[in-house]
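Keep in mind that the numbers below use all heavy atoms, side chains included, and drop hydrogens, waters and symmetry copies.
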Amino acid sequence: MGLAITVAIQWITGGTLPGIWNWASKYPANLLMTTLLYALAVAILGALIGRLWISGALVGLAGLLLALVDYFKIAINGSPLELADFGMAGRIGAIAKVAGELIPPLDFWLSAVMLVLCVTLLALTRRLTMLNGQIRFLTFSLYVLLAVMLSVPSSARAFGGRLGMDFNVRLDPATNHEHHGLTLSLWRDCFLQSKPPAEGYGKEYMQDVLARVDELLLENGTSDIPETSPNIIFILSESFFDPTRLPGVIYGQDPVENFHSLEKEGISGILHSHHLGYGTGNIEISMLTGIRSTDLLPGTDMCAMYSEVYERFDSLAEQYTKVDGYHAEMAHAYNDELYNRTINYPLFGFESLLFFKDIKALDIDWEKRLPDTYYMQDSYFCKALLNRLESIHAEGRRAFLYGISMENHQPYTPEKFNNDCQTTVTADILSPEELDVFRSMLEGIIRADQALGELTTALRDFQEPTILVFFGDHRPNLTLPDGETAYTKLGLCPGTWTYNWVPEQFNDLYSTDYLIWANDAALLQGQTGIRRDSSVTAIGPHLLELTGRHVSRYWGLMEKCAEICLTHTSFYFVDGEGNPSVSPEEAGLSPEAVELLKLREAVIYDAVYGKQYITDEMNLPAGAPLPAESEETEKRAS
């Protein structure tokens, strides 16, 4: 039964029976280990309830559902199921609601039939497998003991090591999945060695790190804060990117004409988002904290960490709220079900949160009816942001608004916009049915662009200085009816499965576009019209640079690091000039750049996993006198 469940899962996630054979012959130890894990689960449950065929059915069903979730995630963004995704398990209904129609593949049903046959065989032979009395108790105890051994890090590593598994090297999710299979990749990540501190980590070591950070941040002196403190508006525009960058696609008119026009008045470029078709909450966390998933242990849900972790570094918003008394507010054009926003955003210094119902209740003059289905229109949402900006200004405060739109969220079905699209689009490689998917996505982008144009037109008449940061969180998944993506059909990647992608393909598809625009060109410090690559962890430091804040040591270090590293994920690395490579080691970084990244790693480790020796000091400006060590800090370190 354990072998049958293993084969079924590989069948669904791998897609073909020859693929299962290739994996099993290449990694026989991994096949054996996966079979053992499922056999153990069947045996424990069978001994507990006294019916092996019932336990086989239950464990088999759990395996099928696990594989199906993995299949759907790969279809959405090309990346397999990871340990961190289980942090969203309690909100699976909400996720399914926004993901649209997800249809199980034929392989799922074939695998289910195979498991039904195996369970039937167990049921027919149940007299041969029935355990009673003392034998049943001893068998159950033995199985539980083995399960405990495989659940304790030290013994799990020892057992896995005997089968050739490495618990020291962190693999990207696609490689981990391809090598170990779905189940074993998740099991292995549970027991990876803890994130190691730097050699010599301790109080004296971190004091040296602090001194070096100050030296680097003060080498060019300090800058004065500009007399003008502008309002700040962020708009995370769902799945926005410049579609004219796609090869082989012809449009009747420019679908993002406002964005292109505003690029001449602002700062713009490629935004490395670290994600494709998924992960909006993680993108928000990275942008507001400067922390990436690779800074954390595998399996860490960035949106569901302990509250105190989020508070150890002052957020990007708090660089404004704690200095000039800005009012920070988040507005989301959907409900509050996902990504723990109601818990996390107050920890980042946001005084108020607005969701769909709150925004709809605002006194906004709107000539169109809000839809009963799908999501709030971007035009209405931008009017709401303008409404909040004016209200905050009327209270005599500056605004730091972080808006998250939703109109262009999947699903991309013809019915979403009544099969309408404001421009024609042709692509010889796409069939009419595939173009319907593309046109639905394109209409959402056109509407986002039009909302951007309406908002900037209104801001030109707004008398208070205001900077707008507009960006797409990730590209849309663009899954077509045959299960492939439009990106594959257009030749941008070899397939949905990211295992065979090269860094240049990640660099392209894991990126969107961004714009920093101001209603007074002087706010852009002479950078009007320039192009520069950025990322979800670099755009915050760039904004701080423009507004000349006396930023904390932490954000000053993030600004320095953004000059030599835009992206570092499990899949690929991008240097400060936008050049992709497999890893930092292969990027050919200078010794100075390597030192900066090590300083950053030490500072984040100290705050998240260490003793917080210098965390309080990192929230002060560079060169600030170090406060006397408090009793609480002494206690925490000990």
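- Using a 4.0 Å cut-off between charged side-chain N and carboxylate O, Arg398 and Asp324 make no salt bridge.
- A ring-centre distance under 6.0 Å is not found for Tyr326 and Phe400.
- Classified by interplanar angle (parallel below 30°, tilted 30° to 60°, perpendicular above 60°), the ring pair Phe259/Phe240 is tilted.
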Output, in order, the C-alpha distance, side-chain angles, deciding distance and verdict of side chain to side chain donor-acceptor pair (under 3.5 Å) for Glu585 and Ser583.
CA-CA 5 Å; Glu585 292 72 24; Ser583 65; 3.3 Å; yes
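- Of the possible donor and acceptor atoms, none in the side chain of Asp208 sits under 3.5 Å from a partner among the backbone N and O of Tyr205.
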Salt bridge (Lys or Arg N to Asp or Glu O under 4.0 Å) assessment of Glu82 paired with Lys73:
CA-CA 10 Å; Glu82 301 176 59; Lys73 188 178 179 220; 3.6 Å; yes
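- For the atom pair CG (Leu468) and CD1 (Ile233), the distance works out to 6.0 Å, reported to the nearest 0.5 Å.
- With a 4.5 Å cut-off on side-chain heavy atoms, Leu459 and Leu386 count as touching.
- Contact check on Glu215 versus Arg212 returns a salt bridge, with a Lys/Arg side-chain nitrogen under 4.0 Å from an Asp/Glu carboxylate oxygen.
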Test Arg553 against Asp214 for salt bridge (Lys or Arg N to Asp or Glu O under 4.0 Å), laying out the working first.
CA-CA 7 Å; Arg553 287 184 175 96; Asp214 266 0; 2.7 Å; yes
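- At a threshold of 4.5 Å between non-hydrogen side-chain atoms, the residues Leu210 and Tyr613 do not count as touching.
- Salt bridge annotation for Glu265-Arg460: present, with a cationic side-chain nitrogen under 4.0 angstrom from a carboxylate oxygen.
- Judged purely by distance below 3.5 Å, without hydrogens or angles, the side chains of Tyr572 and Gln505 never pair a donor atom with an acceptor atom.
- Residues Phe470 and Leu262 are not in side-chain contact: their nearest non-hydrogen atoms beyond the backbone lie 4.5 Å or more apart.
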Stepwise side chain to side chain donor-acceptor pair (under 3.5 Å) check, Asp449 with His260
CA-CA 9 Å; Asp449 178 75; His260 285 156; over 6 Å; no
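- Between the CZ atom of Phe241 and the OG atom of Ser239 there is a distance of 9.0 Å, given to the nearest 0.5 Å.
- Within the 3.5 Å criterion, the main-chain N or O of Arg447 finds no donor-acceptor partner in the side chain of Asp378.
- A salt bridge between Asp358 and Arg388 is absent, with no side-chain N of the basic residue lying under 4.0 Å from a carboxylate O of the acidic one.
- Relative ring orientation between Tyr334 and His332 is described as tilted, the plane-to-plane angle lying within the 30° to 60° band.
- For the pair Asn507 (side chain) and Pro580 (backbone), a donor-acceptor distance under 3.5 Å is absent.
- For the pair Leu276 and His474, the minimum side-chain heavy-atom distance is 4.5 Å or more.
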